[in-house]
Every structure is written in C-alpha cells, then in structure tokens.
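Okay, so here's the structure we're looking at.
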Amino acid sequence: MSVFEENEEILRRIADGGNNLEPPRPVDFAHVFTDQASATRFAEAVRVEGFEARIEKINDETDFGADPWDVTASRMMIPTCETITTTEVQLDTLAQSYGGRADGWGFLNI
C-alpha cells in the first residue's frame, strides 16, 4: 500500500467516525533524530518553510536507540489526503537530509 493509500484510509476512518474534515486545523508531523544538533537544524529549516516546530527529547526505544530526539512540525491546513501526503513526503525528505526520518502525523478532531 502506498503512503497516499495509507493516508486515504486513515482519513476515511476518521470521517466515518463522524468527524468533519473540512475545517482547517493544525496538523502535526513527527520526526525522530539521533541527536539534538540534527533535530535543531531540522526544526530551524521547517520554521523557514512556515511550520511551527517543537523539539523534545523522548525516552523510548526506537531504531535510533535510546533517548532519540523528536521534532514535531505543525501547520494549519485542511486535512486532505493530497495535502497531508505531499507535506509528509516533503518533510520526510528534509528530515533525511539531517539524518532523521518521519514518524507519523496526526491532528485533533475539531
């Protein structure tokens, strides 16, 4: 299943649960990094692109080992499959250039 198809299925389940996906809302895109310096450089880069960015050290075992750094990039958008997938791929490519990777997305239902 492609990223687009996965996102389409997730959004369909959210809509089927009675949630209105039409209003714009902050959508959060999570990324993990092995060190604080890489996370900080990525956060600075996404801020230049118009995202809000939050950096946090997390205590969780992942493929990066213990205590990776998490950067959540957020932007106000209407959560369509196209906008989420395009943004997710764009941010993952940028995260990889700083040694990180995407780790999912989400939003609060409004």
Side-chain angles (χ1 to χ4, degrees):
M1 180 178 290
S2 73
V3 172
F4 185 91
E5 291 169 326
E6 288 178 30
N7 290 340
E8 187 174 51
E9 178 61 29
I10 292 166
L11 290 168
R12 183 177 309 123
R13 283 194 309 253
I14 292 170
D16 288 350
N19 297 292
N20 180 1
L21 297 178
E22 292 182 16
R25 71 206 61 220
V27 179
D28 300 326
F29 297 87
H31 303 84
V32 290
F33 295 85
T34 57
D35 59 83
Q36 183 178 12
S38 298
T40 299
R41 287 193 304 273
F42 173 74
E44 291 167 355
V46 297
R47 286 181 184 124
V48 168
E49 297 294 323
F51 290 85
E52 291 184 25
R54 186 175 62 254
I55 303 170
E56 179 180 14
K57 187 173 184 181
I58 55 175
N59 296 314
D60 188 17
E61 290 291 328
T62 69
D63 1 335
F64 285 119
D67 303 321
W69 290 84
D70 180 79
V71 179
T72 302
S74 303
R75 179 183 272 172
M76 194 75 142
M77 64 176 60
I78 296 172
T80 66
C81 191
E82 293 81 12
T83 57
I84 287 177
T85 302
T86 299
T87 304
E88 183 178 28
V89 169
Q90 169 196 2
L91 291 174
D92 184 41
T93 300
L94 186 59
Q96 288 179 34
S97 74
Y98 291 98
R101 66 169 173 83
D103 195 33
W105 59 268
F107 56 82
L108 295 176
N109 293 321
I110 300 177

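The shown structure was predicted, so the numbers you read here are calculated from the model rather than taken from an experiment. One-based numbering along the sequence shown.
- Across every non-hydrogen atom of F107 and P26, the tightest pair is CB-O, 3.4 Å.
- The two residues D35 and W69 make their nearest non-hydrogen contact at C-CD1, 3.4 Å.
- A salt bridge links E9 and R12; the closest N-O separation between the charged side-chain nitrogens and carboxylate oxygens is under 4.0 Å.
- Distance check, rounded to the nearest 0.5 Å: CD of Q96 to CZ of F42 gives 10.5 Å.
- In this structure, E22 places its CD atom where only 12 or fewer heavy-atom neighbours from other residues, nucleotides or ligands lie under 6.0 Å away.
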Using side-chain contact (heavy atoms from CB on, under 4.5 Å), reason through V32 and R101 one step at a time and then give a plain yes or no. CA-CA 6 Å; V32 290; R101 66 169 173 83; 3.7 Å; yes
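- Looking at every heavy atom in both residues, W105 comes nearest to F29 through CB-CD2, 3.6 Å.
- Taken from OG1 in T93 to CD in E88, the straight-line distance is 10.5 Å, to the nearest 0.5 Å.
- V89 and L91 fall into different hydrophobic clusters, where Ile, Leu, Val, Met, Phe, Trp and Tyr residues are linked whenever their side-chain heavy atoms come under 4.5 Å apart, directly or through other members.
- The backbone N or O of I14 lies less than 3.5 Å from a partner atom in the side chain of N19, making a donor-acceptor pair.
- Put simply, the side chain of R25 never gets that close to the backbone of P79: no donor and acceptor are under 3.5 Å apart.
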Please walk me through it: do I84 and M77 pass side-chain contact (heavy atoms from CB on, under 4.5 Å)? CA-CA 9 Å; I84 287 177; M77 64 176 60; 4.3 Å; yes
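- Rounded to the nearest 0.5 angstrom, R54 CZ and T72 OG1 are separated by 4.5 Å.
- Contact between I78 and T83 at its shortest, heavy atoms only, is O-OG1, 2.9 Å.
- Distance check: F4 CZ to T86 OG1 gives 8.5 Å after rounding to the nearest 0.5 Å.
- Between A102 and D92 the shortest heavy-atom distance is N-OD1, 2.9 Å.
- Q90 pairs by the side-chain contact (heavy atoms from CB on, under 4.5 Å) definition with E49, not counting sequence neighbours.
- The two residues H31 and A95 come nearest to each other via the heavy atoms CD2-CB, 3.8 Å.
- At a threshold of 4.5 Å between non-hydrogen side-chain atoms, the residues L21 and L11 count as touching.
- A 6.0 Å sphere centred on CD of E52 holds no more than 12 heavy atoms belonging to other residues, nucleotides or ligands.
- Rounded to the nearest 0.5 angstrom, R13 CZ and E8 CD are separated by 11.5 Å.
- Taking the side chain as every heavy atom from C-beta outward, F51 and T87 approach each other to under 4.5 Å.
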